[in-house]
Amino acid sequence: MDSRTKGKTVMEVGGDGVAVITLINPPVNSLSFDVLYNLKSNYEEALSRNDVKAIVITGAKGKFSGGFDISGFGEIQKGTRKEPKVGYISIDIITDLLEAARKPSVAAIDGLALGGGLELSMACHARISTPGAQLGLPELQLGVIPGFGGTQRLPRLVGLTKALEMILTSKPVRAEEGHSLGLIDAVVPSAELLTTARRWALDIVERRKPWISSLLKTDKLPPLGEAREILKFARGQTRKQAPNMKHPLMCLDALETGIVSGPRVGLEKEAEVGSQVISLDTTKGLIHVFFSQRGTVKVPGVTDRGLMPRKIKKVAIIGGGLMGSGIATALILSSYPVILKEVNEKFLEAGIGRVKANLQSRVRKGSMSKEKFEKTMSLLKGSLDYESFRDVDMVIEAVIENISLKQQIFADLEKYCPQHCILASNTSTIDLNKIGERTKSQDRIVGAHFFSPAHVMPLLEIVRTNHTSAQVIVDLLDVGKKIKKTPVVVGNCTGFAVNRMFFPYTQAAMFLVERGADPYLIDSAVSKFGMPMGPFRLCDLVGFGVAIATATQFIENFPERTYKSMIIPLMQEDKRAGEATRKGFYLYDDKRKAKPDPELKKYIEKARSISGGNVDPKLVKLSEKEIIEMTFFPVVNEACRVFAEGIAVKAADLDIAAIMGMGFPPYRGGIMFWADSIGSKYIYSRLDEWSKTYGDFFKPCAFLAERGSKGAPLSAPVEQARSRL
Ligand SMILES: CCCCCCCCC[C@H](O)CC(=O)SCCNC(=O)CCNC(=O)[C@H](O)C(C)(C)COP(=O)(O)OP(=O)(O)OC[C@H]1O[C@@H](n2cnc3c(N)ncnc32)[C@H](O)[C@@H]1OP(=O)(O)O
Ligand SMILES: NC(=O)c1ccc[n+]([C@@H]2O[C@H](COP(=O)([O-])OP(=O)(O)OC[C@H]3O[C@@H](n4cnc5c(N)ncnc54)[C@H](O)[C@@H]3O)[C@@H](O)[C@H]2O)c1
């Protein structure tokens with residue numbers, strides 16, 4: 001393969017007259033422009049050769065195709081590739097050359113057929129798959145729409161309602177379901193895939209099997225009136241669930257056009273809309289997130305050293321409280337045998353009970369069978385001492401946030417655990433060097449910072465000190481992958497990356513209400529921006545105990561830039577500590593529904609008199625845009641510090657940390673990507689102005705000042721010399 005080309009296809013014509021075209025573009029046989037143009041040439045040749053009666057398309061190495069090469073969208077967005085004529089691939093190649101050919105095509109699907117991959121197969125005249133195949137149209141998740149005819153062919157093969165479900169949720173179906181839906185014609189073992197597909201293709205030629213063009217099918221489509229109602233309902237749901245995104249509605253337009261005006265017009269509409277969505281900001285954000293998420297496991301100086309992850313056969317967890325039980329759940333769910341250590345029988349039983357409850361909720365929801373529940377629980381063993389730690393490969397400490405307790409535990413671990421054992425702590429704030437101070441094992445000490453609930457939240461911050469060995473990080477990255485977390489490797493400091501970004505967010509919100517802004521308007525503006533909830537609702541949810549503990553750490557470590565608000569401590573004095581006490585910034589009813597509380601004013605006024613601040617008429621009347629800027633620009637500022645200090649190696653890691661740890665909307669691309677979309681100059685100028693009016697909480701850091709004064713992108717790499725990692 002030419003090093004400048006991305007992938008290819010190869011065609012082999014057998015003595016039976018079947019041309020087998022194989023898609024080759026590792027690792028997922030994505031459909032790059034090179035692959036697609038090669039496929040076109042192969043088809044032209046196959047159609048012109050007299051010795052070819054039929055065609056089979058398959059993918060190399062057990063994968064049909066993971067879809068259009070996503071980096072192609074980036075090339076078009078950046079202008080480094082000229083966009084092909086609208087509809088050239090979906091209409092000229094896939095429809096007019098392939099589907100309308102005089103020779104039939106059969107798709108032989110092993111492994112993945114996603115996005116453009118499934119769409120290519122739907123243009124074939126039959127589809128044979130292996131039992132493990134995954135079939136789906138996940139394009140909306142990337143901000144694009146199914147663009148190789150998926151909006152037209154999928155409803156015609158599986159019906160409108162199922163097609164909408166598959167497209168709007170981006171969730172794939174397995175082969176058996178695909179078969180019962182009519183998407184797949186036969187499911188056969190891997191070893192029989194190609195022979196069955198070849199025979200099927202020849203059977204079509206011989207008229208022993210039907211020659212079906214998906215695009216021309218109408219039997220699964222509902223009557224027009226019903227179709228319009230179904231689409232109207234889908235539009236309503238989409239507007240509610242994705243209010244800040246245009247592309248799902250544009251996708252529904254393409255579907256509707258095909259049903260109302262016929263598939264050819266539908267294909268044209270799909271091509272037109274498909275081209276328009278590429279330049280949407282939300283699409284740019286989502287595509288950035290796709291690659292950034294996969295980039296977190298590429299850590300310079302660590303994962304490029306040829307180290308292989310060691311096998312972790314057994315894990316011990318110390319502390320079966322909220323976090324320890326969640327971490328244990330995540331591990332046993334991925335088949336790791338786990339020992340859970342607690343201080344006494346009562347606490348041990350409670351810890352194991354929490355793990356059980358986590359799994360039982362899956363059984364109740366029907367996502368786990370009773371047998372699987374028993375089998376999974378059998379991987380968990382309780383312990384009250386360290387004797388059973390003698391053969392563990394990794395320990396994760398999750399006891400209360402107390403330095404001397406953690407130091408003692410790590411000293412004990414050094415005595416009991418084997419020398420190769422990884423010693424991890426789930427601390428959210430404490431310096432790992434301090435935790436390991438009484439050991440000689442600094443090279444195997446690492447942070448494994450999970451987020452609550454640990455068996456649900458997707459992020460794992462892997463915290464390394466200057467002493468943590470690269471091997472230990474490689475091992476933990478592998479465990480993270482196996483337990484289905486997205487790991488982000490960060491440096492050691494108070495709050496690491498996520499909590500450092502969280503602090504200024506909540507503090508800015510407290511500052512604004514003390515100066516007269518309405519907390520409920522702030523929550524509403526922040527929710528509209530795309531966060532799962534506003535900062536005040538969030539404080540209620542996590543509880544004021546946690547909020548005060550984390551704020552204390554920030555105040556101690558970063559006093560020069562902390563806004564010290566008394567609102568939460570004052571409320572806590574009155575035993576209103578958030579949702580758990582049914583009173584916080586909101587009042588909660590029996591069903592935990594939140595409603596504003598007029599009494600909140602009292603606490604705000606008292607806090608204001610303690611801080612000595614005044615109501616600022618400008619801040620009373622903030623627009624939603626100004627609210628977002630005043631709450632999130634301080635987050636950008638802190639993210640810049642984290643990046644400049646080398647706590648995060650790449651700006652994109654902070655994007656993923658913000659999305660998965662804070663709930664920052666993925667379609668905004670993450671905190672640094674969003675900041676760059678606004679421009680460093682503007683952010684710097686706003687923070688600079690506010691810091692002059694309201695104090696150092698808003699003061700732009702040196703990194704932001706430097707880049708902002710030049711208008712340089714904040715996410716451009718930091719010089720290596722300045723990076724701590
Ligand atoms: C305007 C005209 C333009 C031309 C017309 C365009 C019309 C669009 C047509 C079409 O409808 C659009 C699409 O098909 S969009 C793509 C749809 N497919 C997907 O969304 C699948 C995305 N991939 C995944 O979900 C997963 O990667 C996977 C395939 C399920 C595999 O998961 P797994 O965990 O095994 O591996 P990963 O770590 O995720 O991925 C491994 C590496 O592969 C890269 N990769 C995966 N999919 C693609 C892809 N479609 N394009 C490019 N690269 C892909 C991924 O980035 C990883 O790379 P590394 O470098 O990190 O190894
Ligand atoms: N709660 C969160 O949202 C959260 C999020 C991320 C990280 N963390 C961190 O996780 C750690 C645990 O937090 P948590 O919320 O699960 O606390 P928790 O109070 O719910 O649980 C701590 C458990 O540790 C046990 N324990 C104490 N000493 C022990 C010992 N010597 N041996 C065995 N068990 C012992 C306690 O009995 C208790 O059950 C803390 O370091 C915290 O900072 C918490």
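Smallest separation of non-hydrogen atoms from Thr303 and Val297: CG2-O, 3.2 Å. For the pair Met533 and Tyr505, the tightest heavy-atom approach, listed with the atom from each and the gap, is O-OH, 3.7 Å. A pairwise comparison of heavy atoms in Ala470 and Val302 identifies O-CG1, 3.8 Å as the closest pair. Contact record, Ala448 with Asn426: O-OD1, 3.0 Å, taken as the closest heavy-atom pair. Scanning all heavy atoms of the two residues, the minimum distance from Ala639 to Ile671 falls at CB-CG2, 4.2 Å. The shortest non-hydrogen separation linking Gly320 to Ser325 is O-CB, 3.9 Å.
Separating the CG atom in Asp281 from the NE2 atom in His288 is a distance of 13.0 Å, to the nearest 0.5 Å. Note: Ser428 OG to Gln553 CD = 8.0 Å, rounded to the nearest 0.5 Å. We find the OG1-NZ distance between Thr376 and Lys372 to be 4.0 Å, quoted to the nearest 0.5 Å. Distance check: Ile332 CD1 to Leu340 CG gives 9.5 Å after rounding to the nearest 0.5 Å. Taking OG1 of Thr427 as the reference point, atom CG of Asn402 lies at 10.5 Å (rounded to 0.5 Å). Atom-to-atom distance recorded for Asp653:CG and Glu461:CD is 10.5 Å, nearest 0.5 angstrom.
Under the 3.5 Å distance criterion, the side-chain polar atoms of Asp655 are matched with a main-chain donor or acceptor of Phe673. Of the possible donor and acceptor atoms, none in the side chain of Arg444 sits under 3.5 Å from a partner among the backbone N and O of Thr468. Remark: side-chain polar atoms of Gln471 are paired, donor with acceptor, to backbone N or O of Met308 under 3.5 angstrom. Remark: side-chain polar atoms of Asn499 are not paired, donor with acceptor, to backbone N or O of Thr550 under 3.5 angstrom. A distance-only check finds a donor-acceptor pair linking the side chain of Asn492 to the backbone of Leu432 [under 3.5 Å]. The backbone N or O of Leu140 sits less than 3.5 Å from a side-chain atom of His247, completing a donor-acceptor pair. Judged by distance alone, with hydrogens and angles left aside, the side-chain atoms of Thr283 form no donor-acceptor pair with the main-chain N or O of Val144 at under 3.5 Å. No donor-acceptor pair under 3.5 Å is formed between the side chain of Gln134 and the backbone N or O of Gly111. Lys63 contributes no side-chain N or O that, together with a main-chain N or O of Asn29, makes up a donor-acceptor pair within less than 3.5 Å. Judged by distance alone, with hydrogens and angles left aside, the side-chain atoms of Asp304 form a donor-acceptor pair with the main-chain N or O of Gly301 at under 3.5 Å.
Between Leu714 and Val636 the shortest side-chain heavy-atom distance falls below 4.5 Å. In this structure, Tyr588 and Lys593 have side chains that are not in contact, with every pair of non-hydrogen atoms separated by 4.5 Å or more. Counting only heavy atoms from C-beta outward, the side chains of Val488 and Leu459 approach each other to under 4.5 Å. Side-chain contact between Met323 and Ser452 is present, with heavy atoms from C-beta onward closer than 4.5 Å. Contact of the Pro146 side chain with the Cys251 side chain is registered, since non-hydrogen atoms from C-beta on lie closer than 4.5 Å. The shortest side-chain heavy-atom distance between His467 and Asn433 falls under the 4.5 Å cut-off. Asp393 is not listed as a side-chain neighbour of Val315, based on a closest heavy-atom distance of 4.5 Å or more. Residues Glu342 and Ile318 are not in side-chain contact: their nearest non-hydrogen atoms beyond the backbone lie 4.5 Å or more apart.
With salt bridges taken as basic N to acidic carboxylate O contacts below 4.0 Å, one links Arg500 and Glu645. Between Glu579 and Arg537 there is a salt bridge, since at least one side-chain N of the basic residue sits less than 4.0 Å from a carboxylate O of the acidic one. A salt bridge links Glu177 with Lys162; the closest basic N to acidic carboxylate O contact falls under 4.0 Å.
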Problem - Residues Ile656, Thr486; criterion side chain to side chain contact (heavy atoms under 4.5 Å, CB included); working and verdict - result: CA-CA 9 Å; Ile656 296 304; Thr486 296; 3.8 Å; yes
Handout entry: From CA spacing to verdict: side chain to side chain contact (heavy atoms under 4.5 Å, CB included), Asp431, Ile435
Key = CA-CA 7 Å; Asp431 184 338; Ile435 292 180; over 6 Å; no
Exercise for the section: Please step through side chain to side chain contact (heavy atoms under 4.5 Å, CB included) for the pair Met510 and Phe536, ending with a clear verdict. Expected result: CA-CA 9 Å; Met510 299 301 156; Phe536 298 104; 3.9 Å; yes
Exercise for the section: Just do the side-chain hydrogen bond (donor to acceptor under 3.5 Å, both in side chains) check on Ser469 and Asp443 with the steps written out, would you? Expected result: CA-CA 5 Å; Ser469 78; Asp443 59 335; 5.4 Å; no
Exercise for the section: Evaluate the side chain to side chain contact (heavy atoms under 4.5 Å, CB included) criterion for residues Phe68 and Glu139: first the C-alpha distance (whole Å), next the side-chain angles of each, then the deciding distance (0.1 Å), finally the verdict. Expected result: CA-CA 10 Å; Phe68 181 66; Glu139 284 91 339; over 6 Å; no
Exercise for the section: Dump the intermediate steps for salt bridge (charged side-chain N to carboxylate O under 4.0 Å, His left out) on Glu165 and Lys171, then the final yes or no. Expected result: CA-CA 8 Å; Glu165 182 196 312; Lys171 281 202 188 124; over 6 Å; no
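Atom NZ of Lys481 has 12 or fewer neighbouring heavy atoms from other residues, nucleotides or ligands inside a 6.0 Å radius. Summarising the local packing, NZ of Lys314 is surrounded by more than 12 heavy atoms from other residues, nucleotides or ligands at distances under 6.0 Å.
A donor atom on one side chain and an acceptor atom on the other are found under 3.5 Å apart for Thr329 and Asn358.
Qualifying ring pair (Phe, Tyr, Trp, His ring centres under 6.0 Å) partners for Phe664, counting only residues two or more places apart in sequence or in other chains: Phe529, Phe632, Trp674.
Aromatic ring centres of Phe703 and Phe643 lie closer together than 6.0 Å.
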